[in-house]
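Reviewing the structure listed below.
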Amino acid sequence: YYFKDTSGFKRFVLQFISLGIALFFFITFYNAFRTVEVWTIFKYIRKTFLISFIIVSIYSILEIAILKFGLRFLTQTLYLFDYFPFTESWLDYKNYRISSVTFEPPALATYLFTIAPWMLSYILTHKNLLKYLPAILVFIFTFFSGSRAGIFIIVIQYFLFFIALINFSVWQKYVVKAFLFILVAGGILVLLNGKTITNYILEKATSFALDDEDHTYSNRSRLGIVYANFQVFKHNPISGVGLGQQVFEAEDFYPAWAVKGNYEFEDKYLNPKVKSFPPGYNLYVRLLAESGSIGFLLFLMLIGVALFLCIKPILEKDGQALLYMICLISIVGMLLNWLKMDTFRVFTFWFTLAFLIMLTKHKTLVYRK
């Protein structure tokens, strides 16, 4: 097979290397974690995420002030971030969405639901009112990013966090406080601008339709590619077509409603001059297409074991339940994220899996501030 001047063998080798990189990070994380006590690892990781979040927050607040409140005199202050390595400041005056130090709003949302469990943990380990600030800012920045998937994943993660707290009498007070806060804050927002909020919710809820004016091309591309990959699976249901090979087979199954009049297919996905391959947009369907039922079931077994290792200690009110909650919320976030992307190079998943394995091996340790 040849597609975009790339052979099936070359594609297989490249995808095998990509998978190897993910496994390399998992082994590296595991070897690094096994030499340190788990609560020490937890504090180091959380502090690192917090430092990065402070930088992201400063940029995001400036971005919101400029884009949403018209305080354009802060623009030059924002451009100071150009002096940071790997950071290029820009403002989205077209859609008025924030992306902070990342290259696009969805990338910011991915970062935010990656750190969300760790920021939520401050609520349980600290006593002053500032402990709520990281979790609140994560939610606010996700909202202003405008990422549909990001908002959905963050809501699920926060919901899981408070559901887990209900299992512990010592933490139930936080659930009551959170419920009261949401009730009061929600009531105030509805009174101040109820129509805008209602329209926003309806807009996001209906933005996945094929005829949505703002997302019609991206929705058609995503659903069309997922549909084509599923057709590849249906023709190869047992063992699939092989690692990296679904792009060659899927070309024959792209539906007309996705391709016709869609510049994304014309300019990128089916354009031989553009060497990058079409994204699969869904890891689960891609796994079905490439590895068939066998590979997909093996992956589900891995996920099932990981979730079981997280949930069981929480239900048993284990002394390290907080750490298991962080792992659970992180893994669920990654699983939901894989509904819209198709790569194993989601290093947070492998990093969390390594931490979960070490945590399971050190059940007798207790928390020490």
Side-chain angles (χ1 to χ4, degrees), residues 1-6 8 11 14-15 18 92 94-97 99 102-111 113 142 145-153 202-236 240-291 296 333-346:
Y1 294 104
Y2 275 87
F3 183 56
K4 292 179 177 284
D5 295 326
T6 302
R11 173 73 174 170
L14 292 175
Q15 291 302 302
S18 177
D92 182 8
K94 180 180 179 181
N95 299 306
Y96 293 90
R97 297 168 64 183
S99 56
T102 68
F103 64 95
E104 62 175 358
L108 172 62
T110 299
Y111 166 80
F113 67 68
T142 307
S145 76
S147 169
R148 297 169 291 169
I151 294 170
F152 173 74
I153 293 172
L202 289 174
E203 176 191 345
K204 292 300 178 184
T206 58
S207 63
F208 295 95
L210 292 178
D211 58 351
D212 175 68
E213 185 177 345
D214 296 325
H215 305 93
T216 180
Y217 295 113
S218 62
N219 287 349
R220 284 163 57 193
S221 296
R222 289 173 182 272
L223 294 176
I225 289 174
V226 171
Y227 169 85
N229 283 339
F230 189 73
Q231 296 305 309
V232 173
F233 161 69
K234 286 173 64 177
H235 284 75
N236 305 271
V241 296
L243 185 63
Q245 306 306 298
Q246 105 283 353
V247 289
F248 300 95
E249 302 284 349
E251 187 181 8
D252 297 328
F253 296 107
Y254 292 135
W257 52 260
V259 177
K260 188 177 180 180
N262 188 341
Y263 75 93
E264 292 188 346
F265 276 96
E266 295 171 1
D267 297 344
K268 295 186 297 182
Y269 300 151
L270 296 180
N271 185 352
K273 295 180 181 179
V274 178
K275 301 306 178 185
S276 58
F277 285 83
Y281 286 122
N282 187 303
L283 179 68
Y284 307 107
V285 177
R286 178 181 173 180
L287 267 175
L288 285 169
E290 293 188 344
S291 61
F296 183 70
M334 295 304 109
L335 295 181
L336 293 174
N337 191 43
W338 272 328
L339 290 171
K340 68 178 184 65
M341 64 184 302
D342 69 322
T343 176
F344 279 109
R345 286 179 296 168
V346 180

Minimum heavy-atom separation for L336 to I153, with atom names? CB-CG1, 3.8 Å
Just say parallel, tilted or perpendicular for the rings of Y281 and Y269, cut-offs at 30° and 60°. perpendicular
Any chance you could measure S147, atom OG, to K340, atom NZ, to the nearest 0.5 Å? 6.0 Å
The reported gap from NE2 in H235 to CG in D252 (rounded to nearest 0.5 angstrom) is 9.5 Å
Okay, side chain of E290, backbone of G240: is any donor-acceptor separation there less than 3.5 Å? no
Atom of V346, atom of M334 and distance for their closest heavy-atom approach: CG1-SD, 3.2 Å
Whether N236 side chain and V232 backbone form a donor-acceptor pair below 3.5 Å: yes
Please name the pair of heavy atoms, one in K268 and one in V274, separated by the smallest distance, quoted to 0.1 Å. O-CB, 3.9 Å
Check whether any side-chain N or O of S291 sits under 3.5 Å from a backbone N or O of L287 as a donor-acceptor pair, and report yes or no. yes
Just checking, R11 and F248: is the charged tip under 6.0 Å from the six-membered ring centre and within 45° of the axis? no
Spell out, as yes or no, whether a donor-acceptor pair under 3.5 Å connects the side chain of Q245 to the backbone of G8. yes
Do you know which two heavy atoms are closest between I225 and P278, and how far apart they sit? CD1-CB, 4.2 Å
Roughly how far apart are N282 CG and M341 CE, rounded to 0.5 Å? 11.0 Å
Give a yes or no on whether the backbone of T343 and the side-chain of W338 come within a donor-acceptor separation of less than 3.5 Å. yes
Considering residues at least two apart in sequence or located in another chain, which fulfil the side chain to side chain donor-acceptor pair (under 3.5 Å) criterion with Y284? none
Roughly how far, to the nearest 0.5 Å, is CZ of R220 from NZ of K260? 10.0 Å
Would a line drawn from the ring center of F230 to the ring center of Y227 be shorter than 6.0 Å? no
Does CZ belonging to F277 count more than 12 external heavy atoms closer than 6.0 Å? yes
Kindly give the heavy-atom pair with the smallest separation between Y254 and A228, and that separation in Å. CD2-CB, 3.5 Å
Just how far is it from atom CG of N271 to atom CZ of F265, taken to the nearest 0.5 Å? 13.0 Å
Sorted by chain and number, sequence neighbours left out, side chain to side chain donor-acceptor pair (under 3.5 Å) with S145 holds for none
Give a yes or no answer on whether the side chain of N262 reaches the backbone of E264 with a donor-acceptor pair at less than 3.5 Å. yes
At what distance, to the nearest 0.5 angstrom, does OG1 of T142 lie from OH of Y111? 11.0 Å
Residue set satisfying salt bridge (Lys or Arg N to Asp or Glu O under 4.0 Å) with K275, at least two apart, ordered chain then number -> D5
Nearest non-hydrogen partners of G244 and Q15, listed with the distance: CA-CG, 3.6 Å
Quick one: does E251's side chain have a donor or acceptor within less than 3.5 Å of a partner on E249's backbone? no
Mark yes or no for whether R286, through its side chain, and N229, through its backbone, hold a donor-acceptor pair below 3.5 Å. no
